[in-house]
Amino acid sequence: MADITETSEWTALADHHAALAGRHLRELFAEDPGRAERMTATAGDLLLDYSKHRATGDTLRLLVALAERAGLRERIDAMFSGERINVSEDRAVLHTALRLPRDAELRVGGRDAVADVHAVLDRMAGFSDRVRSGEWTGFTGKPIRTVVNIGIGGSDLGPAMAYEALRDHARAGITCRFVSNIDPADITGTLADLDPEQTLFIVASKTFGTLETLTNARAARAWLVGRLGDEKAVARHFVAVSTNAERVAAFGIDTDNMFGFWDWVGGRYSMDSAIGLSLMIAIGDGAFREMLAGFHTVDEHFRTAPFEANLPVLMALLGVWYTDFFGAQTRAVLPYSQRLSRFPAYLQQLTMESNGKSVRADGAPVVAQTGEIFWGEPGTNGQHAFYQLLHQGTRLVPADFIGFAEPFEDVQADGGGMHDLLVANLLAQTSALAFGKTAEEIAAEGTPAELVPHKVMPGNRPTSTILVPKLTPSTLGQLVALYEHVVFVEGTIWGIDSFDQWGVELGKVMAQDLAPALTSAEPPTGLPDPSTAALVRTYRRLRGRAV
Ligand SMILES: O=P(O)(O)OC[C@H]1O[C@](O)(CO)[C@@H](O)[C@@H]1O
């Protein structure tokens with residue numbers, strides 16, 4: 001694989017950066033007011049305004065040339081057609097197949113992937129309808145009122161985020177809860193006020209080998225059997241979502257109550273597979289399929305739109321621009337929607353488990369910085385917490401602001417709608433970040449001279465604004481697909497395999513090895529390093545165990 005940093009396209013960007021880095025967004029807008037209109041693009045219902053970026057038309061042209069040099073077009077085609085682009089795991093990467101319409105065609109490994117996807121969706125829909133209607137009852141004949149999804153990582157964050165986002169669409173009177181952490185507080189807190197007779201557990205695990213999930217599932221089963229007094233209750237209260245039928249059966253869940261998916265769906269790309277079963281039960285099959293259609297809309301946009309008008313491509317290239325040329329470390333994601341409160345957490349796994357790599361797909365070290373650190377909180381809460389640093393700190397923190405024109409439900413306060421105030425805050429922040437306020441402007445307001453430097457707002461802080469008509473199943477699907485493809489484009493430029501996650505393995509194995517050292521009757525030997533050994537001794541002492 002050629003070093004992308006050795007290409008003439010990279011050098012051209014480095015030269016361009018040297019010329020542009022000292023320029024302020026105020027100047028860029030003064031020279032070219034038309035950029036406000038021009039530097040926008042749409043995909044489905046999503047409007048991206050990227051005019052408040054430290055970039056010009058030339059920047060975009062150079063970035064697009066870099067994408068072409070990195071072979072982005074061929075890589076997109078390879079992904080959508082099912083080539084095994086996850087090379088370190090020798091797998092195809094086909095989350096896009098999860099949302100293909102029924103009449104689409106795609107064969108994977110000799111099988112009709114579209115038919116397989118829709119067969120599972122139809123089974124999920126049938127099950128979800130029965131649970132929602134009360135036809136599916138618990139062991140004692142009562143309808144289900146609460147669904148508890150037990151999973152972690154991609155088997156938790158996606159459905160948990162989407163349930164929160166779409167809970168206003170959940171009208172069947174069934175609520176969902178999500179248990180992920182192996183901290184006993186998670187499962188005990190979740191179950192504390194639940195009625196076992198009306199609770200359904202979905203054990204969600206792609207591998208069905210994840211310690212946290214299986215441990216929580218065993219605890220839930222013990223709770224259920226203990227309360228209902230009969231092992232046979234498990235069959236009416238436990239279903240599984242997995243790619244591994246053998247392990248599901250070994251756990252004691254009837255595989256008739258298992259919903260499958262495929263090794264070509266990465267865990268963090270799986271919320272629109274059977275992993276979304278809890279969400280489907282909450283919002284219904286129709287709304288779930290609307291969400292899939294939303295995903296598909298952006299997939300088609302990504303697959304076909306020219307790079308210069310392609311939302312995921314533009315957002316990813318700007319990510320590369322700040323990461324590799326400005327030295328930015330992080331990207332804030334700031335949804336102006338309380339319903340998207342889990343969206344930053346969801347994106348953390350999607351982006352950082354995918355692109356947090358220091359070797360390329362060919363095993364050679366990467367040649368540039370990779371893996372933006374994603375973080376954030378819903379506005380306006382973030383404004384009263386960390387925006388100080390965004391506005392006046394020493395670091396450059398590019399940010400994505402996400403806003404919705406229509407609220408699900410508005411509240412009138414002080415003569416106006418609360419939602420308008422929310423959106424006014426979003427717009428105020430992006431404007432203040434971009435244009436700031438100069439010392440002269442502050443002094444002209446009569447500010448005492450000694451206070452002026454404290455009040456200067458430097459501006460020149462780049463943001464994207466993603467404006468969406470309304471948060472619906474469809475637009476949520478569009479937003480998630482947008483970021484999935486952002487990850488893919490960045491991974492392509494950096495030459496990395498965005499679909500493996502070897503870096504999480506060592507810690508898992510070590511935790512399994514260390515557990516006996518904490519609990520053994522005799523003081524443990526053979527601990528991995530002196531610091532850990534000392535901490536194990538301290539822990540044992542605190543727990544009253546022999547040291
Ligand atoms: O769905 P599973 O197999 O339980 O895995 C859960 C999560 O664990 C990881 O493998 C990381 O440890 C994620 O990639 C995945 O989403």
Side-chain angles (χ1 to χ4, degrees), residues 1 70-121 153-155 158 204-209 241-246 259-276 292 295-296 298-304 312-313 316 349-351 353-357 359-363 477 480-505:
M1 188 182 284
L72 179 61
R73 174 57 56 208
E74 297 76 38
R75 291 274 301 171
I76 293 174
D77 292 343
M79 177 171 75
F80 276 86
S81 64
E83 274 182 41
R84 292 175 171 261
I85 61 167
N86 176 357
V87 285
S88 79
E89 297 180 331
D90 191 23
R91 289 176 181 165
V93 173
L94 275 173
H95 42 278
T96 51
L98 297 169
R99 48 264 192 163
L100 282 173
R102 211 181 275 278
D103 58 1
E105 282 177 25
L106 180 71
R107 297 196 75 79
V108 185
R111 289 194 61 89
D112 181 344
V114 182
D116 286 349
V117 163
H118 282 271
V120 174
L121 275 174
S155 300
S205 174
K206 178 177 170 182
T207 54
F208 229 76
V241 178
S242 186
T243 57
N244 194 322
E246 274 172 28
F259 300 86
F261 58 114
W262 306 271
D263 73 355
W264 39 261
V265 181
R268 53 194 175 272
Y269 298 86
S270 68
M271 61 166 273
D272 46 339
S273 72
I275 289 291
L292 297 183
F295 272 97
H296 182 63
V298 169
D299 292 343
E300 283 303 283
H301 166 86
F302 177 54
R303 197 174 62 77
T304 59
V313 173
Q349 188 202 12
L350 178 68
T351 61
E353 201 172 72
S354 296
N355 283 343
K357 314 275 167 71
V359 291
R360 298 188 312 206
D362 62 3
V480 174
L482 169 67
Y483 280 95
E484 285 178 348
H485 299 317
V486 166
V487 168
F488 177 75
V489 175
E490 291 189 344
T492 297
I493 305 285
W494 292 323
I496 58 187
D497 181 341
S498 302
F499 304 100
D500 60 14
Q501 58 284 316
W502 298 105
V504 302
E505 294 306 324

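The figures that follow rest on heavy atoms only: side chains count, while hydrogens, waters and symmetry mates do not.
With hydrogens and angles ignored, the 3.5 Å screen pairs a side-chain donor or acceptor of Ser81 with a backbone N or O of Ala78.
The shortest heavy-atom contact between Ala70 and Thr492 is O-CG2, 3.9 Å. Taking both residues in full, the closest heavy atoms of Asn86 and Val93 are given as CB-CG2, 3.7 Å, listed atom of the first, atom of the second, then distance. Here the closest non-hydrogen pair linking Pro312 and Val486 is O-CG2, 3.7 Å. Taking every heavy atom of both residues into account, Gly82 and Leu94 meet most closely at CA-CD1, 3.7 Å. Taking both residues in full, the closest heavy atoms of Val120 and Ala274 are given as CG1-CB, 4.1 Å, listed atom of the first, atom of the second, then distance. Nearest heavy atoms, Ser155 versus Ser205: OG-CA, 3.8 Å.
For Ser498, the side chain to side chain donor-acceptor pair (under 3.5 Å) test picks out Asn355, with sequence neighbours left out. With sequence neighbours excluded, the residues that form a side chain to side chain contact (heavy atoms under 4.5 Å, CB included) with Gln349 are Leu157, Arg268, Glu353. Among residues two or more places apart in sequence or in another chain, the side chain to side chain donor-acceptor pair (under 3.5 Å) test is passed with His95 by none.
The closest side-chain heavy-atom distance from Val359 to Trp502 is not below 4.5 Å. In this structure the side chain of Phe261 reaches within 4.5 angstrom of the side chain of Ile275, judged on heavy atoms. Here the side chains of Asn244 and Thr207 are not in contact, with every heavy-atom distance at 4.5 Å or above. No side-chain heavy atom of Thr243 sits under 4.5 Å from any side-chain heavy atom of Trp262. Proximity of Phe499 to Val87: side-chain heavy atoms (C-beta onward) are nowhere separated by under 4.5 Å. With a 4.5 Å cut-off on side-chain heavy atoms, Leu72 and Ile76 count as touching. When side chains are defined from C-beta on, Leu100 does not count as touching Val117, because their heavy atoms never get closer than 4.5 Å. The side-chain heavy atoms of Val108 and Asp116, taken from C-beta on, include no pair separated by under 4.5 Å.
Expressed to the nearest 0.5 Å, how far CD of Glu89 lies from CD of Gln501 amounts to 5.0 Å. Atoms CG and CG, on Asp299 and Leu482 in that order, are 11.0 Å from each other to the nearest 0.5 Å. Expressed to the nearest 0.5 Å, how far CD of Glu300 lies from CZ of Phe80 amounts to 6.5 Å.
Among His301, Met79, Arg303, the one residue that satisfies the side-chain contact (heavy atoms from CB on, under 4.5 Å) test with His485 is Met79. Checked options Thr96, Leu98, Val480, Val487; the residue passing with Tyr269 is Val487 (criterion: side-chain contact (heavy atoms from CB on, under 4.5 Å)).
Residue pairs that meet the salt bridge (charged side-chain N to carboxylate O under 4.0 Å, His left out) test with at least one member in residues 72-87, sequence neighbours left out, are Arg84-Asp90. Residue pairs meeting the salt bridge (charged side-chain N to carboxylate O under 4.0 Å, His left out) criterion with at least one partner in residues 484-500, sequence neighbours excluded, are Arg99-Glu484, Arg331-Glu490, Lys357-Asp500. Residue pairs meeting the salt bridge (charged side-chain N to carboxylate O under 4.0 Å, His left out) criterion with at least one partner in residues 101-110, sequence neighbours excluded, are Arg102-Asp122.
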